[in-house]
Amino acid sequence: MKNCPIGVFDSGIGGISVLRNMRADLPREDFIYFGDDKNAPYGTRPEPEILRLAETDADFLLKKNVKAIVIACNTATSAAAAALRGKLSIPVIGMEPALKPASLFRKDGMIAVLATSATLRQEKFRHLMERYGEYAVPVPCPGLMDYVERGVTEGAELDAFLQKVLAPFRDYRFDAAVLGCTHYVFLKDAIQKAMPGVRLFDGNEGTSHQLRRVLSERGWLKEEGEGGIQLFSSAENPAVIRLMERLLATKP
Ligand code: DGL
(Lines give C-alpha, C1' and ligand atoms only; values in the text may rest on other atoms or scores of the structure.)
Protein backbone atom coordinates (compact mmCIF):
# COMPACT_ATOMS: atom_id res chain seq x y z
CA MET A 1 0.00 0.00 0.00
CA LYS A 2 2.79 2.41 0.96
CA ASN A 3 3.71 3.15 -2.63
CA CYS A 4 0.19 3.51 -4.01
CA PRO A 5 -0.99 7.03 -4.88
CA ILE A 6 -3.45 9.14 -2.90
CA GLY A 7 -6.66 10.03 -4.73
CA VAL A 8 -8.13 13.52 -4.38
CA PHE A 9 -11.37 14.81 -5.87
CA ASP A 10 -13.50 17.92 -5.97
CA SER A 11 -16.40 19.20 -8.05
CA GLY A 12 -13.76 21.11 -10.00
CA ILE A 13 -10.65 23.15 -9.44
CA GLY A 14 -11.14 24.11 -5.78
CA GLY A 15 -9.55 20.94 -4.43
CA ILE A 16 -6.27 22.03 -6.02
CA SER A 17 -5.99 24.41 -3.04
CA VAL A 18 -6.03 21.36 -0.72
CA LEU A 19 -3.62 19.47 -2.96
CA ARG A 20 -1.21 22.41 -2.66
CA ASN A 21 -1.09 21.90 1.11
CA MET A 22 -0.85 18.12 0.93
CA ARG A 23 1.99 18.20 -1.57
CA ALA A 24 3.96 20.56 0.70
CA ASP A 25 3.19 18.42 3.75
CA LEU A 26 3.80 15.01 2.14
CA PRO A 27 6.40 15.58 -0.59
CA ARG A 28 7.15 11.88 -1.10
CA GLU A 29 3.57 10.94 -1.89
CA ASP A 30 2.08 10.51 -5.36
CA PHE A 31 -1.27 12.21 -5.89
CA ILE A 32 -3.98 11.66 -8.47
CA TYR A 33 -6.39 14.57 -8.71
CA PHE A 34 -9.81 14.40 -10.31
CA GLY A 35 -11.89 17.54 -10.83
CA ASP A 36 -15.47 16.99 -11.98
CA ASP A 37 -15.50 20.32 -13.82
CA LYS A 38 -18.05 19.05 -16.32
CA ASN A 39 -20.66 18.72 -13.54
CA ALA A 40 -19.59 21.68 -11.38
CA PRO A 41 -21.01 23.31 -9.36
CA TYR A 42 -22.18 20.70 -6.88
CA GLY A 43 -23.26 23.26 -4.30
CA THR A 44 -26.50 24.16 -6.06
CA ARG A 45 -27.58 20.52 -6.61
CA PRO A 46 -29.82 18.33 -4.43
CA GLU A 47 -28.06 15.85 -2.08
CA PRO A 48 -28.87 12.61 -3.95
CA GLU A 49 -27.28 14.06 -7.08
CA ILE A 50 -24.15 15.20 -5.22
CA LEU A 51 -23.88 11.72 -3.70
CA ARG A 52 -24.15 10.03 -7.10
CA LEU A 53 -21.52 12.34 -8.61
CA ALA A 54 -19.15 11.86 -5.67
CA GLU A 55 -19.46 8.08 -6.02
CA THR A 56 -18.51 8.36 -9.70
CA ASP A 57 -15.51 10.55 -8.77
CA ALA A 58 -14.39 7.99 -6.18
CA ASP A 59 -14.75 5.16 -8.74
CA PHE A 60 -12.44 6.99 -11.12
CA LEU A 61 -9.78 7.13 -8.40
CA LEU A 62 -10.31 3.56 -7.18
CA LYS A 63 -9.53 2.31 -10.68
CA LYS A 64 -6.12 3.94 -10.27
CA ASN A 65 -5.43 1.84 -7.22
CA VAL A 66 -5.32 4.63 -4.64
CA LYS A 67 -4.53 3.90 -0.97
CA ALA A 68 -6.75 6.70 0.36
CA ILE A 69 -9.30 9.17 -0.94
CA VAL A 70 -9.40 12.82 0.05
CA ILE A 71 -12.70 14.55 -0.66
CA ALA A 72 -11.25 18.02 -1.23
CA CYS A 73 -14.71 19.53 -1.27
CA ASN A 74 -16.88 20.56 1.67
CA THR A 75 -20.08 20.06 -0.34
CA ALA A 76 -19.28 16.50 -1.44
CA THR A 77 -18.01 15.61 2.04
CA SER A 78 -21.33 16.55 3.61
CA ALA A 79 -23.32 14.60 1.03
CA ALA A 80 -21.12 11.56 0.48
CA ALA A 81 -18.33 10.96 3.03
CA ALA A 82 -20.41 8.71 5.28
CA ALA A 83 -21.66 6.59 2.35
CA LEU A 84 -18.17 6.24 0.87
CA ARG A 85 -16.68 5.29 4.25
CA GLY A 86 -19.41 2.69 4.60
CA LYS A 87 -18.54 0.91 1.41
CA LEU A 88 -14.76 1.39 0.94
CA SER A 89 -12.00 -0.41 2.81
CA ILE A 90 -9.45 2.40 2.28
CA PRO A 91 -9.49 5.61 4.35
CA VAL A 92 -11.74 8.44 3.17
CA ILE A 93 -10.69 11.86 4.44
CA GLY A 94 -13.26 14.63 4.24
CA MET A 95 -13.42 18.36 4.92
CA GLU A 96 -15.53 20.66 7.01
CA PRO A 97 -15.68 24.45 7.37
CA ALA A 98 -12.98 25.57 9.84
CA LEU A 99 -15.50 26.92 12.35
CA LYS A 100 -13.72 25.47 15.36
CA PRO A 101 -10.42 27.39 14.95
CA ALA A 102 -12.40 30.51 13.99
CA SER A 103 -14.48 30.23 17.18
CA LEU A 104 -11.31 29.86 19.28
CA PHE A 105 -9.92 33.01 17.66
CA ARG A 106 -13.12 35.06 17.95
CA LYS A 107 -13.05 38.04 20.31
CA ASP A 108 -16.35 39.91 20.59
CA GLY A 109 -17.51 39.99 16.96
CA MET A 110 -19.24 37.42 14.78
CA ILE A 111 -17.96 34.71 12.43
CA ALA A 112 -19.08 34.61 8.79
CA VAL A 113 -19.18 31.13 7.29
CA LEU A 114 -18.90 31.41 3.51
CA ALA A 115 -19.90 28.16 1.79
CA THR A 116 -22.17 26.64 -0.83
CA SER A 117 -25.90 26.46 -0.19
CA ALA A 118 -25.68 22.63 -0.08
CA THR A 119 -22.97 22.66 2.62
CA LEU A 120 -24.90 25.13 4.76
CA ARG A 121 -28.20 23.26 4.67
CA GLN A 122 -26.85 19.79 5.48
CA GLU A 123 -26.96 17.97 8.79
CA LYS A 124 -23.18 17.86 9.13
CA PHE A 125 -23.11 21.67 9.20
CA ARG A 126 -25.99 21.79 11.67
CA HIS A 127 -23.95 19.63 14.05
CA LEU A 128 -20.91 21.88 13.59
CA MET A 129 -23.08 24.92 14.35
CA GLU A 130 -24.42 23.27 17.51
CA ARG A 131 -20.85 22.84 18.78
CA TYR A 132 -19.04 25.98 17.61
CA GLY A 133 -21.62 28.21 15.98
CA GLU A 134 -23.02 30.37 18.74
CA TYR A 135 -21.64 33.49 17.03
CA ALA A 136 -21.56 32.18 13.48
CA VAL A 137 -23.54 33.54 10.55
CA PRO A 138 -23.96 31.30 7.46
CA VAL A 139 -23.26 33.22 4.24
CA PRO A 140 -24.30 31.21 1.16
CA CYS A 141 -22.28 32.20 -1.90
CA PRO A 142 -23.92 30.64 -4.97
CA GLY A 143 -21.96 31.59 -8.07
CA LEU A 144 -18.71 32.45 -6.29
CA MET A 145 -16.92 29.22 -7.22
CA ASP A 146 -17.59 29.89 -10.90
CA TYR A 147 -15.00 32.65 -10.84
CA VAL A 148 -12.29 30.13 -9.94
CA GLU A 149 -13.55 27.69 -12.59
CA ARG A 150 -13.12 30.51 -15.11
CA GLY A 151 -9.64 31.30 -13.79
CA VAL A 152 -10.70 34.67 -12.37
CA THR A 153 -9.21 35.24 -8.91
CA GLU A 154 -9.16 39.06 -8.88
CA GLY A 155 -10.68 42.10 -10.56
CA ALA A 156 -13.58 44.52 -10.50
CA GLU A 157 -16.27 42.00 -11.49
CA LEU A 158 -15.30 39.64 -8.64
CA ASP A 159 -15.10 42.55 -6.16
CA ALA A 160 -18.60 43.67 -7.15
CA PHE A 161 -19.93 40.11 -6.84
CA LEU A 162 -18.50 39.81 -3.31
CA GLN A 163 -20.04 43.14 -2.32
CA LYS A 164 -23.42 41.84 -3.48
CA VAL A 165 -23.05 38.54 -1.57
CA LEU A 166 -22.01 40.33 1.61
CA ALA A 167 -24.55 43.19 1.37
CA PRO A 168 -27.24 41.48 3.54
CA PHE A 169 -24.63 41.11 6.33
CA ARG A 170 -23.45 44.71 6.31
CA ASP A 171 -24.71 45.37 9.83
CA TYR A 172 -22.71 42.55 11.41
CA ARG A 173 -19.28 43.14 12.88
CA PHE A 174 -17.16 40.14 11.95
CA ASP A 175 -13.94 39.08 13.71
CA ALA A 176 -13.43 36.07 11.47
CA ALA A 177 -14.61 34.49 8.24
CA VAL A 178 -14.47 30.81 7.38
CA LEU A 179 -13.79 29.86 3.77
CA GLY A 180 -16.03 26.80 3.79
CA CYS A 181 -15.53 25.87 0.14
CA THR A 182 -12.17 24.84 -1.27
CA HIS A 183 -12.61 27.11 -4.31
CA TYR A 184 -12.80 30.20 -2.08
CA VAL A 185 -9.24 29.67 -0.85
CA PHE A 186 -8.06 30.89 -4.26
CA LEU A 187 -10.13 34.05 -3.72
CA LYS A 188 -8.56 34.88 -0.36
CA ASP A 189 -7.14 38.24 -1.47
CA ALA A 190 -10.43 39.39 -2.97
CA ILE A 191 -12.40 38.19 0.08
CA GLN A 192 -9.93 39.90 2.42
CA LYS A 193 -10.39 43.12 0.43
CA ALA A 194 -14.17 42.80 0.79
CA MET A 195 -13.84 42.05 4.52
CA PRO A 196 -10.97 44.26 5.70
CA GLY A 197 -9.52 43.44 9.14
CA VAL A 198 -11.39 40.13 9.32
CA ARG A 199 -9.26 37.04 9.96
CA LEU A 200 -9.79 34.30 7.35
CA PHE A 201 -9.79 30.57 8.16
CA ASP A 202 -9.83 27.52 5.91
CA GLY A 203 -9.69 23.77 6.54
CA ASN A 204 -6.91 22.88 4.10
CA GLU A 205 -4.05 22.52 6.55
CA GLY A 206 -6.20 20.54 8.98
CA THR A 207 -7.21 18.15 6.19
CA SER A 208 -3.61 17.63 5.15
CA HIS A 209 -2.60 16.86 8.74
CA GLN A 210 -5.49 14.44 9.06
CA LEU A 211 -4.35 12.63 5.91
CA ARG A 212 -0.84 12.32 7.32
CA ARG A 213 -2.19 11.02 10.65
CA VAL A 214 -4.40 8.40 9.02
CA LEU A 215 -1.67 7.09 6.71
CA SER A 216 0.92 7.09 9.45
CA GLU A 217 -1.36 5.10 11.81
CA ARG A 218 -1.60 2.40 9.14
CA GLY A 219 2.12 2.52 8.31
CA TRP A 220 1.12 3.59 4.78
CA LEU A 221 3.25 6.74 4.40
CA LYS A 222 5.58 6.53 1.41
CA GLU A 223 9.12 6.54 2.73
CA GLU A 224 11.32 7.27 -0.22
CA GLY A 225 11.50 9.01 -3.57
CA GLU A 226 9.96 12.20 -4.77
CA GLY A 227 6.21 12.38 -5.19
CA GLY A 228 4.42 13.15 -8.44
CA ILE A 229 1.02 14.60 -9.34
CA GLN A 230 -1.37 13.55 -12.09
CA LEU A 231 -4.25 15.87 -12.89
CA PHE A 232 -7.54 14.78 -14.49
CA SER A 233 -10.74 16.63 -15.27
CA SER A 234 -14.09 15.31 -16.46
CA ALA A 235 -14.29 18.39 -18.70
CA GLU A 236 -11.56 16.87 -20.89
CA ASN A 237 -10.47 20.37 -21.79
CA PRO A 238 -6.71 21.01 -21.86
CA ALA A 239 -7.34 24.60 -20.71
CA VAL A 240 -8.77 23.27 -17.42
CA ILE A 241 -5.67 21.18 -16.76
CA ARG A 242 -3.50 24.22 -17.53
CA LEU A 243 -5.52 26.28 -15.05
CA MET A 244 -5.09 23.52 -12.44
CA GLU A 245 -1.32 23.59 -13.03
CA ARG A 246 -1.21 27.36 -12.77
CA LEU A 247 -3.14 27.39 -9.47
CA LEU A 248 -1.12 24.48 -8.09
CA ALA A 249 2.03 26.53 -8.61
CA THR A 250 0.74 29.41 -6.46
CA LYS A 251 1.69 29.66 -2.75
CA PRO A 252 -0.70 28.23 -0.09
N1 DGL B 1 -15.25 23.12 -3.82
C2 DGL B 1 -16.49 22.88 -3.28
C3 DGL B 1 -16.58 22.91 -1.78
O4 DGL B 1 -15.58 22.83 -1.10
C5 DGL B 1 -17.77 22.98 -3.98
C6 DGL B 1 -18.05 24.00 -5.01
C7 DGL B 1 -19.27 23.59 -5.81
O8 DGL B 1 -19.15 22.65 -6.59
O9 DGL B 1 -20.32 24.21 -5.62
O10 DGL B 1 -17.64 22.99 -1.24
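Each residue takes its place number in the sequence, starting with 1. Numbering of ligands and ligand atoms starts at 1, following listing order.
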Exercise for review: Report yes or no: is the cationic atom of K64 (NZ for Lys, CZ for Arg) under 6.0 Å from the centre of the six-membered ring of F60, at an angle within 45° of the ring normal?
Suggested key: yes
Review point. What atoms in ligand 1 come closer than 4.0 Å to a heavy atom of Y42?
Key: 7 (C), 8 (O), 9 (O)
Review point. Any idea which part of T44 is under 4.0 Å from ligand 1, heavy-atom wise: side chain, backbone, both or neither?
Key: neither
Check your understanding: Of the backbone atoms (N, CA, C, O) and the side-chain heavy atoms from C-beta on, which set of P41 has a member under 4.0 Å from an atom of ligand 1: side chain, backbone, both, or neither?
Key -> both
Exercise for review: Run the numbers for me: atoms of ligand 1, each under 4.0 Å from some heavy atom of C181, listed by number.
Suggested key: 1 (N), 2 (C), 3 (C), 4 (O), 5 (C), 6 (C), 10 (O)
Revision key, fill the gap. Among non-hydrogen protein atoms, atom 6 (C) of ligand 1 lies closest to S11 OG, 3.6 Å
Review point. Between the side chains of E157 and Y147, does any donor sit under 3.5 Å from an acceptor?
Key: yes
Point to revise | Option nearest atom 4 (O) of ligand 1 (shortest heavy-atom distance, choices I71, D202, N74, L179) | key: N74
Review point. Touching ligand 1 at all, A40? Heavy atoms, strictly under 4.0 Å?
Key: no
Check your understanding: What is the nearest protein non-hydrogen atom to atom 9 (O) of ligand 1, stated with its residue, atom name and distance?
Key -> G43 N, 2.8 Å
Review point. Is the shortest side-chain N to carboxylate O distance from E154 to K193 below 4.0 Å?
Key: no
Check your understanding: Quick one: do the Y135 and D108 side chains pair a donor with an acceptor below 3.5 Å?
Key -> no
**Study point:** Best match, T75, T77, V18: closest heavy atom to atom 10 (O) of ligand 1
**Key:** T75
Review point. Below 4.0 angstrom, N of the basic side chain to O of the carboxylate: do E29 and K67 qualify?
Key: yes
**Study point:** Candidate list T75, D36, T116, N74, test side-chain hydrogen bond (donor to acceptor under 3.5 Å, both in side chains), partner Y42, passing option
**Key:** D36
